[in-house]
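The block underneath contains the structure these notes are about, expressed in structure tokens.
To find a chain, count down the sequence lines: A is the first, B the second, and so on, and within it residues start at 1.
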Number of protein chains: 2
Amino acid sequence: MEAFQSTGSSTREPRESAEHPGGVGGRQRERIIRAATLVFSRKGYDGARVEEIARKADLPKGNVLYYFKTKKDLYRIVIEQVLTLWLDALGDIAVDDSPEEAIRQYVNRKLALSRHYPEASRLFAMEVISGAPVIGAHLRNQLRVWVEEKGRVFRRWQDQGQMARIDPAHAFFMIWAVTQTYADFEAQIQAVTGVQDYDTEIYEGATSEVVDALVRGLGLTNEMSERRAQA
Amino acid sequence: MEAFQSTGSSTREPRESAEHPGGVGGRQRERIIRAATLVFSRKGYDGARVEEIARKADLPKGNVLYYFKTKKDLYRIVIEQVLTLWLDALGDIAVDDSPEEAIRQYVNRKLALSRHYPEASRLFAMEVISGAPVIGAHLRNQLRVWVEEKGRVFRRWQDQGQMARIDPAHAFFMIWAVTQTYADFEAQIQAVTGVQDYDTEIYEGATSEVVDALVRGLGLTNEMSERRAQA
DNA sequence: ACCAAAGTTGACCATTCGGTCAATTCCGGT
DNA sequence: ACCGGAATTGACCGAATGGTCAACTTTGGT
């Protein structure tokens with residue numbers, strides 16, 4: 001099946017048991033979700049195989065479909081979890097701080113997110129490249145509202161001459177593009193740089209240089225000498 | 001099959017016939033490649049279905065596999081074509097021009113590429129997100145060399161105080177990320193902005209604002225008043 | 001007009017896939 | 001010790017998938 005639409009779906013909710021030393025621990029759902037995130041992030045929905053997810057979770061296929069009735073269900077839950085992570089980590093852009101400091105923190109936060117959850121980032125990218133068949137509605141609602149809201153903050157900064165006159169939406173697209181590229185295009189960056197320890201070598205460099213470049217690009221230095229008043 | 005390696009593969013090379021009014025035209029391979037690019041760019045290799053490619057090319061499945069012996073063959077040819085497009089369009093960064101003008105043109109060229117071949121961009125992104133199983137070797141060779149070469153130009157500019165002191169590789173990652181985001185994340189940008197005519201509305205705005213922001217971020221203005229000499 | 005190569009097509013095949021199911025084991029409460 | 005629900009598992013099923021094939025049509029050269 002391809003490009004599915006929402007369907008009423010219930011997922012069995014196994015007993016909520018406390019941790020148990022020798023036994024299972026009842027934490028199977030988490031393992032499955034972790035494995036599914038990995039596989040979906042590399043193959044997308046249609047390309048992923050339930051059996052590969054099962055193998056990666058070290059469980060028989062039947063067990064995976066016991067916890068999640070269908071592959072579709074599993075995908076929905078996994079990607080909605082990723083989306084939540086993504087939206088939460090957008091966090092609030094501190095309005096009170098100086099624009100430069102606010103954005104600097106925001107970019108650092110997004111960069112850290114890519115660093116610590118690269119599979120989540122890739123899964124999100126896969127979904128969007130595929131046309132966002134599942135989370136499209138969310139993007140049109142929650143994300144859109146968020147961008148409008150924060151966009152107004154940007155406009156205020158711009159009116160006060162504290163930020164370059166860029167369409168706020170484009171400013172976000174730039175920030176997201178740059179921060180996510182380090183997770184999504186890891187294979188390319190790894191290939192070009194040939195670094196051994198991607199995590200530290202690349203992200204350390206990125207946080208120290210790329211953040212500066214973005215701040216500069218968005219014209220966020222506090223001491224903006226140049227007048228930029230073209231309403 | 002997943003994560004395949006290179007295998008000796010030959011593809012039937014149909015007769016090179018001239019165009020023919022009533023008849024076929026002999027240009028089937030092109031149609032198939034176009035259709036394949038579309039499908040692969042949305043579903044990735046494993047997720048794509050030969051039959052869907054055939055349907056999109058308006059041909060029976062058997063015919064597709066007549067021109068390309070296997071799905072794998074077809075994918076390899078399609079993605080190598082995309083990679084060529086990508087590498088060619090990297091083009092030369094004019095060394096003689098002013099840094100600002102050189103980069104400005106380069107970014108504009110990459111932006112135009114995303115605009116006119118969005119499926120190619122998405123297919124490339126899919127491949128890389130999947131770990132670049134097919135083009136990984138190319139990236140480690142051709143692209144790597146290219147980056148090293150152009151990186152030396154950047155270093156020279158930086159030594160002359162005409163460009164901010166950013167690791168040239170990261171500078172490229174930034175540029176690529178921003179320019180490709182408009183093709184790869186079209187669904188997200190469409191969702192957030194809600195524009196009707198994506199092609200003109202979004203790209204027009206991007207070329208006028210984002211290029212400036214990148215140039216500014218890379219510290220490429222000719223009149224760089226701030227000293228920036230920390231070897 | 002005829003021929004051989006190239007192109008086209010739908011039927012067909014073996015394998016794989018998502019999903020079901022019945023049988024069995026595990027576990028906590030009593 | 002025993003019970004009932006939850007969890008686990010492998011066998012199994014129908015549909016879909018990549019690929020093959022033989023029959024048929026088109027095409028260009030002579």
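In this model, a side-chain donor or acceptor of A:K61 finds a partner on the base of C:dG18 within 3.5 Å.
As rounded to whole Å, 12 Å separates atom C1' of D:dG18 from atom CG of B:D46. To the nearest angstrom, P of C:dG19 lies 11 Å from CD1 of A:I53. Residue A:L65 contributes atom CG, which lies 18 Å from atom P of D:dC12 at whole-angstrom precision. A straight line from CG of B:N63 to P of C:dT9 spans 6 Å, rounded to a whole angstrom. With rounding to whole Å, B:E52 atom CD is found 9 Å from D:dT17 atom P. Atoms CG (A:D73) and P (C:dG18) sit 14 Å apart, rounded to a whole Å.
Heavy atoms only, all atoms of each residue included: B:V215 and B:R104 are closest at CG1-NH2, 3.8 Å.
Among the protein residues, B:A48 comes within range of the sugar-phosphate backbone only, with heavy atoms under 4.0 Å from sugar or phosphate atoms but none that close to a base.
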Distance-only donor-acceptor pairs under 3.5 Å for side chains of residues 126-138 of chain A, two or more places apart:
residue	atom	partner	partner atom	Å
A:E127	OE1	A:Y75	OH	2.6
A:E127	OE2	A:V134	N	2.7
A:E127	OE2	A:I135	N	2.9
A:S130	OG	A:M126	O	2.9
A:S130	OG	B:R42	O	2.8
A:H138	ND1	A:Q142	NE2	2.9

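In this structure, the side-chain hydrogen bond (donor to acceptor under 3.5 Å, both in side chains) partners of A:Y106, at least two apart in sequence or on a different chain, are A:W176.
Note on ring orientation: taking the six-membered ring where Trp is involved, the planes of B:H170 and A:Y182 are tilted (angle from 30° to 60°).
When the side-chain nitrogen and oxygen atoms of A:R49 are compared with OP1 and OP2 of C:dG18, one or more of them lie within a distance under 4.0 Å.
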